[in-house]
Amino acid sequence: MSGTDEPRARLTPPKDAVAPVRHAEAPAPGELLGTHYDRCFGCGTGQSHGLHLEARAGEGVSVRAEFTVKEAHQGAPGLAHGGVLATALDETLGSLNWLLRVIAVTGRLETDFVRPVPLGTVLHLDARVTAVDGRKIYSTAVGRIDGPDGPVAVRAEAVFIEVKVAHFIDNGRAEEIQAAMADPDQAKRARAFEVNP
């Protein structure tokens with residue numbers, strides 16, 4: 001096996017992995033998932049330069065999301081920065097965990113950049129969980145331009161790892177953790193730690 005084959009193998013579910021099962025209390029298909037944390041760069045509304053990505057629950061264990069590439073998101077003149085596109089894919093893939101009702105973090109993300117994405121473009125993202133193996137959640141996503149059925153611009157495969165809320169409490173910056181935990185809105189407080197896409 002060559003060095004380039006090994007990472008791909010880590011993104012392939014083992015033969016005994018199981019099909020994902022949508023949680024009975026998952027958001028209904030078409031429902032806007034909203035932000036899990038207002039300061040999240042991907043989905044939060046409290047980041048002026050963030051993606052402000054909006055994801056909606058799909059059928060089964062899938063989501064659809066959109067974000068508009070803005071001036072602050074460019075790399076080469078007039079084009080989206082590749083890291084921003086990878087972030088959009090990661091955020092969308094992370095949103096899948098809301099449908100499983102698990103807390104999970106990105107373990108591995110492999111991104112393919114197929115075509116440039118100009119500023120002002122609405123990137124249409126579709127993601128789905130393909131398999132679950134213990135704490136590992138295998139998923140895939142694709143991003144299209146010029147509409148939901150337009151040409152593929154980016155795609156990704158990922159493995160998310162299920163964690164406990166202690167992962168964030170033990171590793172996050174104390175001031176941010178305390179602020180999130182002190183929020184008087186119990187639902188917002190719980191959602192801040194619900195998922196870390």
Side-chain angles (χ1 to χ4, degrees), residues 1-37 40 42-43 51 53-67 85-114 123-144 148-149 152-172 187 190-197:
M1 181 182 318
S2 74
T4 57
D5 292 337
E6 187 177 334
R8 174 67 67 185
R10 287 187 235 156
L11 290 166
T12 302
K15 291 185 189 321
D16 60 347
V18 297
V21 177
R22 184 189 189 101
H23 192 278
E25 296 176 18
E31 187 175 330
L32 184 64
L33 298 179
T35 180
H36 70 94
Y37 180 54
C40 174
C43 68
L51 303 184
L53 185 135
E54 292 188 350
R56 293 186 179 278
E59 297 293 330
V61 187
S62 71
V63 298
R64 295 192 88 149
E66 291 183 0
F67 102 94
L85 297 175
T87 300
L89 288 160
D90 185 46
E91 184 71 27
T92 304
L93 289 158
S95 296
L96 290 164
N97 299 313
W98 294 13
L99 303 179
L100 298 172
R101 298 285 292 225
V102 299
I103 300 170
V105 295
T106 310
R108 184 169 195 84
L109 175 70
E110 185 173 305
T111 306
D112 296 317
F113 302 95
V114 180
L123 188 64
H124 300 267
L125 298 134
D126 288 302
R128 65 184 176 84
V129 174
T130 58
V132 176
D133 182 42
R135 295 177 46 225
K136 294 181 180 180
I137 302 162
Y138 294 84
S139 53
T140 185
V142 64
R144 298 174 182 273
D149 298 317
V152 172
V154 292
R155 62 178 158 250
E157 291 183 68
V159 176
F160 279 74
I161 309 298
E162 186 176 349
V163 297
K164 303 293 183 200
V165 74
H167 169 86
F168 304 101
I169 294 169
D170 294 346
N171 297 293
R191 284 194 70 161
F193 304 102
E194 196 171 72
V195 65
N196 182 36

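Quick note: numbers below take in every heavy atom, side chains included, and nothing from hydrogens, waters or symmetry partners.
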Between His124 and Glu66, is the side chain to side chain contact (heavy atoms under 4.5 Å, CB included) condition met? List the steps. CA-CA 5 Å; His124 300 267; Glu66 291 183 0; 3.3 Å; yes

Thr87 and Leu51: CA distance, side-chain angles, deciding distance, side chain to side chain contact (heavy atoms under 4.5 Å, CB included) verdict: CA-CA 9 Å; Thr87 300; Leu51 303 184; 3.8 Å; yes

Hey, does Leu11 have a side-chain heavy atom less than 4.5 Å from the side chain of Arg108?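 Counting from C-beta outward, Arg108 and Leu11 do come under 4.5 Å.
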
Drop me the distance from [X]'s [atom1] to [Y]'s [atom2], to the nearest 0.5 angstrom.
| X | Y | atom1 | atom2 | result |
| --- | --- | --- | --- | --- |
| Ile137 | Asn97 | CD1 | CG | 4.5 Å |
| Leu96 | Ser139 | CG | OG | 5.5 Å |
| Thr92 | Leu33 | OG1 | CG | 10.0 Å |
| Arg155 | Glu110 | CZ | CD | 10.5 Å |
| Phe67 | Leu125 | CZ | CG | 7.5 Å |
| Thr111 | Leu109 | OG1 | CG | 4.0 Å |

What do you reckon, is CD of Glu162 surrounded by more than 12 foreign heavy atoms closer than 6.0 Å?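 It does: Glu162 CD has more than 12 such atoms within range.
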
Take Leu93 and Glu91 through the test side chain to side chain contact (heavy atoms under 4.5 Å, CB included) and record every step on the way to the result. CA-CA 5 Å; Leu93 289 158; Glu91 184 71 27; over 6 Å; no

Search all heavy atoms of Val152 against all heavy atoms of Arg144 and return the closest pair with its distance.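 Looking at all heavy atoms of both residues, the closest pair is CG2-NH1, 3.5 Å.
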
Shortest non-hydrogen contact between Asp90 and Phe160, atoms and distance: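 Scanning both residues, the minimum pair turns out to be OD1-CZ, 3.6 Å.
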
Any donor-acceptor pair under 3.5 Å from Arg64 side chain to Arg56 backbone: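 Between the backbone of Arg56 and the side chain of Arg64 there is no qualifying donor-acceptor contact (under 3.5 Å).
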
Apply the test side chain to side chain contact (heavy atoms under 4.5 Å, CB included) to residues Ile161 and Lys136: give CA-CA distance (whole Å), side-chain angles for both, the deciding distance (0.1 Å), then the verdict. CA-CA 5 Å; Ile161 309 298; Lys136 294 181 180 180; 3.7 Å; yes

Enumerate donor-acceptor pairs with a distance under 3.5 Å from any side-chain N or O in residues 13-26 to protein atoms, sequence neighbours excluded.
residue	atom	partner	partner atom	Å
Arg22	NH1	Gly58	O	2.8
Arg22	NH1	Gly60	O	2.3
Arg22	NH2	Pro27	O	2.3
His23	ND1	Glu25	N	2.9

